[in-house]
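Computed from a predicted model, the values in this text were never measured in an experiment. Counting convention: from 1, in listed order, for ligands and their atoms alike.
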Amino acid sequence: MLGFSQLGSESAWRIGNIKSIQDAAKRAGVQLMYENAEQKQEKQIKAIRSFIAYQVDVIAFSPIVEDGWDNVLGEAKQAGIPVLITDRRIKTADESLLVGFVGSDFQEEGRMAGRFLLQKMADASHVNIVEISGTVDSTPMRARGAGFREVLNGDERFEIMESVSGDFLRSKGKECMQGLLARHDNIDVLFSHNDSMTLGAIEAIEEAGLAPGKDIVIVTMDGEQAAIDLLKVGKINCVIEYTPLIGD
Ligand code: AHR
């Protein structure tokens, strides 16, 4: 039996990931005890404790943030239950608390976004960037932001004017973009940490009378169908793909 704690249902990526895990378990004949923590670390910790109490064979979870897992993972280790992390990582001094990780290299995703802008804006003399990041202290928020800066920091034409967190949610992406547009009238680029927030941000950009993809260059992450459709019509300029299909 596999106990799996999902962190939430915040994006189309996450919905695809939930389905991928459930389908993969079915295909493999693995009995799945599934819990969704609705974006709350306390609920994930509670779910992991319940898996330990049920004495499942393996625990897997996608950690909402990186810090604060040592105690509960120590309890799993004491109980002799191996723990895998998926999608996001944790920070721990004790690597023996985990048996493995399945997921992407978020820092490289951020670098890819930066490299795209180096090409796209090759002729620009100055580039004003705003960033809508994901959940504060989560791996994709930290690493995508770090990879992006790693590539662009060496080129002083690129200025990140403001960075705000939209928690990976479409509604917050829209709110964040409304605020950014109210505070800055010279935005050249939006770097958004996921497609859901980007879709919300595009609504805000259009409501402000601007043309997404033209007046503001848009770089986004994930590759959900709605974003690919907007890429095709030029409202998004770059989508960095991260597949949610990691269940198997
Ligand atoms: O951890 C992966 C990120 O979480 C995805 O990019 C985002 O859409 C999701 O909410």
Query raised in the report: With distance as the sole criterion, is a donor-acceptor pair present between the side chains of Glu10 and Asn194 under 3.5 Å?
Result: no
Query raised in the report: Do the side-chain N and O atoms of Tyr242 and Asp87 include a donor-acceptor pair separated by under 3.5 angstrom?
Result: yes
Proximal atoms of ligand 1 relative to [X] (non-hydrogen, under 4.0 Å):
| X | answer |
| --- | --- |
| Arg144 | 6 (O) |
| Arg14 | 1 (O), 2 (C), 3 (C), 4 (O), 9 (C), 10 (O) |
| Tyr242 | 2 (C) |
| Trp13 | 8 (O) |

**Report entry** Close N or O approach (Arg88, ligand 1; < 3.5 Å)
**Finding:** yes
Query raised in the report: Between Ser11 and ligand 1, is there a nitrogen or oxygen pair with a distance under 3.5 Å?
Result: yes
Report task. Hey, could you give me the CD/OG distance between Glu203 and Ser171, rounded to the nearest 0.5 Å? Result -> 10.0 Å
In the protein, what heavy atom is nearest to [atom], and what distance, to one decimal place, separates them?
| atom | answer |
| --- | --- |
| atom 10 (O) of ligand 1 | Glu10 OE2, 2.4 Å |
| atom 2 (C) of ligand 1 | Asp87 OD1, 3.2 Å |
| atom 6 (O) of ligand 1 | Asp222 OD1, 2.6 Å |

Query raised in the report: Between Leu7 and Gln39, is any pair of side-chain heavy atoms under 4.5 Å apart?
Result: yes
Query raised in the report: Do Arg88 and Arg142 have side chains that get closer than 4.5 Å, going by heavy atoms?
Result: no
Query raised in the report: Is the centre of the Trp69 ring less than 6.0 Å from the centre of the Phe61 ring?
Result: yes
Is [X] close enough to touch ligand 1? Criterion: a residue heavy atom under 4.0 Å from a ligand atom.
| X | answer |
| --- | --- |
| Met221 | no |
| Gln39 | no |
| Pro140 | yes |

Query raised in the report: Are the side chain of Asp105 and the backbone N or O of Glu108 linked by a donor-acceptor pair below 3.5 Å?
Result: yes
Report task. Report yes or no: is the cationic atom of Arg14 (NZ for Lys, CZ for Arg) under 6.0 Å from the centre of the six-membered ring of Phe168, at an angle within 45° of the ring normal? Result -> no
